[in-house]
Trainee: 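Handing you this structure, nothing more for now.
Just so it is clear: chains get the letters A, B, ... in the order the sequence lines come, proteins before strands, and each one is counted from 1. Computed from a predicted model, the values in this text were never measured in an experiment.
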Amino acid sequence: MDLKEIKEIIALMRKNDLSEFKLEREGFKIALKKGTDFQPVVTASSTAAPAPAAAAPVSILASAPPPGGEALREIVSPMVGTFYGSPSPESPPYVTVGQEVTEETVVCIIEAMKVMNEIKAEARGIIAEVAAESGKPVQYGQALFKLK
Amino acid sequence: MNPLDARLLRTLRETQVHLPAGDLAAQLGESVAAIRAGLAALNAAGFEIEDRPGFGFRLIAAPDRLIADDLTARLGASPLIREILIFAETESTNDIATRLGRSGAPGGVAIFAEHQTAGRGRFGRRWASASHRGLWFSLLLRPALQQAEWARLTTWAAVSVAAAIDETIGAKSAIKWPNDVFLADKKVAGILAESGADSTGGPFAVLGIGVNVNHEPDDFPDDLRATAGSLRMTAGAPLDRAALATAILRALAVRLPLLAEYFPAIIAEAGARSFLLGRWIQVRAGEVVSEGRAEELDENGHLLLRLADGKVVRLAAGEVTVIAR
């Protein structure tokens, strides 16, 4: 199952006003639950995995504004790998806080198996926070940037 | 090289016996005069063609230069490659392939360089590229895979390069996870890939492959001499680089369907060739260092490492140092 399919399930849950969704397949289990602030919360775990890839619940697509706050959306990692905020150690970062991005803006690189993957914002907004640290591992679905 | 010369070369390669000019002309549907002109052009380009009176022509030797038409002719129809470009000298074939990808060029392009001035590993690590000794090339690909699965390209390339090396020199090469190929405990090939998107959002991957083919120990800079090897150093004789390039492109093409449809077969091949499984290693991923025993490769080629406390971590990136067997 990939991020797109999870997004589709979330969209279906919204549309049909479902508050919970569970699916179990061999070596794979996913449970989706609407959070109290109406943000969907995703907990995914692979039962075949000796190491829980996402032990902590990961929240994605937080589109509803939290009460009394400004809407913050997240750019999440589409893969497991190492996060790099700039093309090389000497280069300036791809994006900085306060910078406006569009869907096509490259925001970082994630290295997985020696493949340097350019990651695009996939959303419009202004970078409010860089949530991942350059040179550190990131998990599937982990927030990389927060957008406002 | 004009199209006739390329077809003529292909026919000469496929033929083990001498062929009279008349037979070549008949096979290719050309005049005898055109065939003689083609043979002269190939001779001038450095191909050694024997002209044995009463028997005809036979290809004896090809020049030790990469020639696009020659590679195309050797490769034949390929599900992977539709175009081969060769540069005498360039900064980096990965950069050229990336520019092509950004401009929207379709996948299936192989870009070779006889000499790379900025041949590199990520973050400035150097890759010795003595002219005409090795193979350095990049493939522009547009694989029909989810982005999270593009990490598979590295394992696919590593097993393909290792298999082509074994087939070419009859050796048993090993893979050091995730991207290096070793012969006799020395690194002989490496893989480095990038992914990006063109202006319409179409994703592409660039797969860079470097192989030390005919290097002798003195061709490597001092700091690499202890760890770098070449196919020639194992085989004991110089090799035909174009033949190796063709073997690698074929090995990649053969495994192309497995990338999307049956990746466990590639993982099994990588596991069987693994240089690391069962060993105590240190892995540096960015700024994070982990140490433990390399246990197995997961379904995406990631490495499962058992730490001293028994916990198992899954690694998708890293530089590996072997600490103990």
Trainee: Could you check Ile248(B), Ile111(B), Asn94(B), Leu252(B) and say which one makes a side chain to side chain contact (heavy atoms under 4.5 Å, CB included) with Leu139(B)?
Mentor: Leu252(B)
Trainee: Quick test of your reading of the model: are Glu100(A) and Arg124(A) salt-bridged, counting only N-O distances below 4.0 Å?
Mentor: no
Trainee: What residue in Thr154(B), Asp298(B), Leu207(B) has the most heavy-atom pairs under 4.5 Å with chain A?
Mentor: Thr154(B)
Trainee: Any salt bridge between Glu299(B) and Arg152(B), counting N to O under 4.0 Å?
Mentor: no
Trainee: Counting heavy-atom pairs closer than 4.5 Å to chain B, which one of Met79(A), Glu104(A), Met113(A), Glu103(A) comes out on top?
Mentor: Met113(A)
Trainee: For the candidates Pro178(B), Ala151(B), Ala285(B), Ala205(B), which exhibits the highest count of non-hydrogen atom pairs separated by less than 4.5 Å from chain A?
Mentor: Ala151(B)
Trainee: Between Gly286(B), Ala158(B), Ala316(B), who has the most heavy-atom pairs with chain A when the cutoff is under 4.5 Å?
Mentor: Ala316(B)
Trainee: So Ser138(B) and Thr93(B), side-chain hydrogen bond (donor to acceptor under 3.5 Å, both in side chains) or not? Walk me through it.
Mentor: CA-CA 6 Å; Ser138(B) 299; Thr93(B) 54; 2.6 Å; yes
Trainee: Run the salt-bridge test on Lys186(B) and Asp180(B) with the 4.0 Å N-O cut-off and return the result as yes or no.
Mentor: no
Trainee: Which bit of Ile191(B) is near chain A, if near means a heavy-atom gap under 4.5 Å: side chain, backbone, both or neither?
Mentor: backbone
